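A short write-up of the structure that comes next.
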Amino acid sequence: LTPFIKYAFKGKIPMLLLDAPAPGSGKTKLAGLIGLIATGKDPLIKNFPSEESEQRKTITSSLASSIEFLIFDNMTGTLKSEALAICLTSPVWLDRLLGFSRDIALANNLMLVATSNNLLLTEDFPRRIYKSRLDTGKEHPDQIDCNQFRHPDIESWCMENRGNIIAAILVLIKYWINQGKPLRKQLMGSFENWSANIGGLLECCGIGGFLDTQLENFDLYNVQNEPWLDFVDCWFDTYQYQTVSSDTLNILCSQNSLMM
């Protein structure tokens, strides 16, 4: 829905994270299908650079090329990126023009989709993404026989039926408009207009579950901070408001198997 009504409201759009417990679950295929239906062509797929400077260059070059739909494929480890965090919340992207000593300002209409396996998040990202998790229940999902699917060649089917798919989407949008465009009351911080409009449209059409998994994003952030939380809890339980040295804390960690 988002690509078809994103110009009907002001404000940015959070990044869609397609996550899975195992490789071969169909994350990249699903991301590509979203882009194919939205744009009528195969979307651009890139690896997300590990270096902050390269991340900025990737975003800048994409915006300078007027790309509006971009997939970052196979993100790994823990997502940490100041550039991406800024990109997701800033309507205008400012960066140094490569090869010149001046900045360039670009309108930021980029819609981002990322794929990953069990990606962890740093503190900037739980509120900047919405997640869909693909779990086939199989240890090796890539070995599933595609012939058992209703549409084994789903890309070709989507391209052949793109007109019908878009027509169905527009029927939902038209019904929402005819009902007065009711808005969702529970909003997503930094993306209030997006969540109000998309959530309102879905609720109006009787489709539930919108952003129901949002709290899981914060669980992905808390997992990596659990050792620190356990350490601080133990520190306070043992010494409360006393002043202690780093050597004392080191002994405390050793005695309680903390921060290992």
Side-chain angles (χ1 to χ4, degrees), residues 1-19 31 34-35 38 43-73 75 77-98 103-116 119-132 183-202 210-222 224-225:
L1 290 172
T2 297
F4 297 96
I5 68 165
K6 68 176 184 176
Y7 292 109
F9 57 86
K10 293 183 179 180
K12 289 294 295 169
I13 299 167
M15 182 171 73
L16 170 59
L17 174 62
L18 299 175
D19 192 55
I34 296 171
L44 183 64
I45 300 177
K46 292 185 177 183
N47 289 324
F48 190 65
S50 57
E51 297 295 327
E52 184 78 22
S53 60
E54 292 301 316
Q55 294 166 9
R56 294 193 67 90
K57 290 177 184 177
T58 297
I59 294 170
T60 300
S61 63
S62 298
L63 291 173
S65 301
S66 299
I67 294 171
E68 294 193 8
F69 191 98
L70 176 62
I71 299 171
F72 286 130
D73 199 26
M75 285 186 166
T78 301
L79 177 57
K80 180 180 181 181
S81 171
E82 180 181 347
L84 182 58
I86 293 172
C87 175
L88 288 170
T89 53
S90 299
V92 177
W93 174 258
L94 186 67
D95 194 18
R96 180 64 57 87
L97 190 61
L98 191 63
D103 290 336
I104 182 173
L106 299 165
N108 183 6
N109 297 315
L110 195 58
M111 182 175 174
L112 291 171
V113 178
T115 70
S116 69
L119 187 70
L120 295 177
L121 307 174
T122 52
E123 58 185 339
D124 288 330
F125 287 98
R127 63 183 182 87
R128 283 178 164 88
I129 69 169
Y130 63 110
K131 187 182 72 170
S132 178
L183 302 178
R184 174 183 166 96
K185 294 181 179 179
Q186 185 178 353
L187 305 180
M188 182 177 177
S190 300
F191 305 97
E192 292 84 358
N193 286 337
W194 172 80
S195 56
N197 283 271
I198 293 293
L201 191 160
L202 292 171
F210 180 61
L211 298 182
D212 279 358
T213 62
Q214 200 62 19
L215 289 178
E216 294 180 8
N217 296 342
F218 292 91
D219 292 337
L220 295 176
Y221 165 61
N222 290 332
Q224 62 178 330
N225 288 292

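The structure presented is a predicted model; accordingly, all values stated were derived computationally and were not measured.
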Which heavy atom in R184 sits nearest to a heavy atom in L211, and how many Å separate them?
-> NH2-CB, 4.3 Å

Kindly say whether E82 contributes a backbone atom to a donor-acceptor pair with the side chain of E52 at under 3.5 angstrom?
-> yes

Which distance, rounded to the nearest 0.5 Å, do you find between the CD of Q186 and the OG of S195?
-> 9.0 Å

Worked check of side chain to side chain contact (heavy atoms under 4.5 Å, CB included) between F48 and T58 = CA-CA 8 Å; F48 190 65; T58 297; over 6 Å; no

Can L16 and I34 be said to form a side chain to side chain contact (heavy atoms under 4.5 Å, CB included), step by step?
-> CA-CA 11 Å; L16 170 59; I34 296 171; 3.8 Å; yes

How many angstroms lie between atom CD1 of I13 and atom CG of N193, to the nearest 0.5 angstrom?
-> 10.5 Å

Quick one: CD1 on I67 to CG on N109, what's the gap to the nearest 0.5 Å?
-> 13.0 Å

Main-chain N/O of L79 paired with T122 side-chain donor or acceptor, under 3.5 Å | yes

Rounded distance [0.5 Å steps], CG in L1 versus NZ in K6 = 13.5 Å

Ignoring hydrogens and geometry, is there a side-chain-to-backbone donor-acceptor pair from N108 to S90 under 3.5 Å?
-> yes

Side chains of I129 and P14 in contact at under 4.5 Å (non-hydrogen atoms) | no

Enter the distance from K46:NZ to I71:CD1 here, rounded to the nearest 0.5 Å.
-> 12.0 Å

Would F9 and E192 satisfy side chain to side chain contact (heavy atoms under 4.5 Å, CB included), going step by step from the backbone distance to the final call?
-> CA-CA 10 Å; F9 57 86; E192 292 84 358; over 6 Å; no

Is D124 reaching over with its side chain to a backbone N or O of S81, donor-acceptor style, under 3.5 angstrom?
-> no

Give the minimum heavy-atom separation between A31 and P43, together with the two atoms involved.
-> O-CG, 4.5 Å

Modelled atom types, side-chain donor and acceptor of R128 and S190, under 3.5 Å | no

Nearest heavy-atom neighbours spanning I198 and I5 | CD1-CD1, 3.4 Å

Do the ring planes of W194 and Y130 sit parallel (below 30°), tilted (30 to 60°) or perpendicular (above 60°)?
-> tilted

Evaluate the criterion side chain to side chain contact (heavy atoms under 4.5 Å, CB included) for residue pair N197 and L183; output intermediate values, then yes/no.
-> CA-CA 5 Å; N197 283 271; L183 302 178; 3.7 Å; yes

Would you say D95 and L63 make side-chain contact, with heavy atoms under 4.5 Å?
-> no

Heavy-atom closest pair, residues M75 and S116 | O-CB, 3.3 Å

Heavy-atom side-chain proximity of C87 to L112 below 4.5 angstrom = yes

To the nearest 0.5 Å, atom CG of L88 lies from atom CZ of F191 at 5.5 Å

Just by distance, do the side chain of D103 and the backbone of L94 share a donor-acceptor pair under 3.5 Å?
-> no

When every non-hydrogen atom of V92 is compared with those of A105, the smallest separation belongs to CG1-CB, 4.1 Å

